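The basis for the numbers below is simple: all heavy atoms, side chains too, and nothing from hydrogens, waters or symmetry mates. Being a predicted model, the structure only gives us computed values, none of them experimental. In this chain, numbering begins with 1 at the start of the sequence shown.
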Amino acid sequence: ANCELLKVNEELKKEKVDLEEQVGGLMADWQWQDDCDQWQSYDESTARTLENAYKEERADVQLERDRWHYKINLTIPENMEQINIETHKVRKVKRDKLKFEGYPDSWEEQTEAVHKALLAPDDEE
């Protein structure tokens, strides 16, 4: 089993497969601040777009939601903002890490947990 784990680990490294895709979930929760200073999560599609732009180290990304057009400034993580292109309204944006319940903190523990999940035989009924 350890040989199989090492083989899977090497394949993950070689192909640079993203850990979050292996576990099938987002690793970050993208949010915007509403008029009552409450944080609201973006929908999954928008969050994926923002996460991809963030990982690509893009300065900004343009989005269209409903009838509105936005520019999201990603340049400085502490000062990210959403700007409505038509109204010029500015809102704060943040990227929060998600933690799956019982999910380990270190990369080594995360990798091992994913490998175990991938290599686990299907439950028999």
Side-chain angles (χ1 to χ4, degrees):
N2 282 341
C3 292
E4 288 298 316
L5 182 63
L6 290 173
K7 182 179 175 185
V8 170
N9 191 41
E10 287 305 312
E11 287 297 314
L12 287 173
K13 284 181 185 177
K14 187 188 327 175
E15 296 175 16
K16 296 183 179 173
V17 175
D18 214 347
L19 178 63
E20 67 219 41
E21 291 177 11
Q22 289 296 312
V23 296
L26 288 174
M27 297 296 286
D29 181 27
W30 285 88
Q31 300 177 349
W32 55 276
Q33 195 171 40
D34 67 17
D35 292 332
C36 298
D37 294 331
Q38 299 296 308
W39 290 99
Q40 305 296 327
S41 293
Y42 284 99
D43 61 79
E44 185 176 335
S45 174
T46 302
R48 283 190 192 279
T49 299
L50 291 170
E51 186 67 11
N52 289 338
Y54 180 84
K55 287 180 179 178
E56 293 168 5
E57 298 180 358
R58 292 174 43 194
D60 59 60
V61 63
Q62 298 216 6
L63 300 172
E64 187 174 330
R65 294 182 61 212
D66 300 321
R67 64 182 185 100
W68 301 108
H69 295 86
Y70 300 98
K71 177 180 174 182
I72 313 292
N73 183 342
L74 303 173
T75 308
I76 303 169
E78 299 81 29
N79 294 319
M80 291 188 290
E81 59 188 11
Q82 167 186 293
I83 304 164
N84 184 310
I85 294 171
E86 288 85 14
T87 67
H88 305 287
K89 172 118 175 131
V90 177
R91 296 182 184 275
K92 291 181 182 179
V93 171
K94 71 177 181 176
R95 178 183 183 264
D96 272 355
K97 290 279 188 181
L98 288 183
K99 293 219 24 142
F100 296 107
E101 188 174 335
Y103 209 71
D105 290 328
S106 75
W107 168 254
E108 293 81 13
E109 290 173 326
Q110 289 179 11
T111 302
E112 185 176 339
V114 169
H115 290 172
K116 283 181 181 178
L118 291 173
L119 296 173
D122 293 335
D123 291 336
E124 295 180 13
E125 294 186 31

Verdict with reasoning, Gln31 to Asp96, per side chain to side chain contact (heavy atoms under 4.5 Å, CB included):
CA-CA 8 Å; Gln31 300 177 349; Asp96 272 355; 3.8 Å; yes
Same cluster for [X] and [Y] if Ile/Leu/Val/Met/Phe/Trp/Tyr side chains link at under 4.5 Å?
{"X": "Ile83", "Y": "Ile72", "answer": "no"}
{"X": "Met80", "Y": "Trp39", "answer": "no"}
{"X": "Val90", "Y": "Trp68", "answer": "no"}

Atom pair [atom1] ([X]) and [atom2] ([Y]), whose distance is rounded to the nearest 0.5 Å:
{"X": "Leu74", "Y": "Glu81", "atom1": "CG", "atom2": "CD", "value": "10.0 Å"}
{"X": "Arg48", "Y": "Asp43", "atom1": "CZ", "atom2": "CG", "value": "11.0 Å"}
{"X": "Trp32", "Y": "Tyr70", "atom1": "CH2", "atom2": "OH", "value": "7.5 Å"}
{"X": "Glu78", "Y": "Lys94", "atom1": "CD", "atom2": "NZ", "value": "13.5 Å"}
{"X": "Gln82", "Y": "Asn73", "atom1": "CD", "atom2": "CG", "value": "11.5 Å"}

Are side-chain N/O atoms of Gln62 and His69 paired as donor and acceptor at under 3.5 Å?
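Result is no, nothing qualifies.
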Under 6.0 Å from the NZ atom of Lys71, do we count more than 12 heavy atoms belonging to anything else shown?
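Counting neighbours around NZ of Lys71, 12 or fewer heavy atoms of other residues, nucleotides or ligands fall under 6.0 Å, so no.
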Other residues, nucleotides and ligands only: do more than 12 of their heavy atoms fall within 6.0 Å of CD on Glu57?
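Incorrect, the count does not exceed 12.
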Please identify which of these residues, Thr49, Val93, Thr46, meets the side chain to side chain contact (heavy atoms under 4.5 Å, CB included) condition with Trp30.
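By the side chain to side chain contact (heavy atoms under 4.5 Å, CB included) criterion, Trp30 pairs with just one of Thr49, Val93, Thr46: Val93.
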Under a 4.5 Å cut-off applied to non-hydrogen side-chain atoms, are Asp35 and Arg91 in contact?
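They are in contact (side-chain heavy atoms under 4.5 Å apart), so the answer is yes.
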Using a 4.5 Å cut-off on heavy atoms from C-beta on, say whether the side chain of Val61 contacts that of Asn52.
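In short, these two side chains do not touch, never coming nearer than 4.5 Å.
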Give a yes or no answer on whether the side chain of Asp34 reaches the backbone of Cys36 with a donor-acceptor pair at less than 3.5 Å.
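It does hold such a pair.
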Report the C-alpha distance between Glu51 and Arg95 in whole Å, list the side-chain angles of each, state the deciding distance to 0.1 Å, and finish with yes or no for side chain to side chain contact (heavy atoms under 4.5 Å, CB included).
CA-CA 9 Å; Glu51 186 67 11; Arg95 178 183 183 264; 2.7 Å; yes
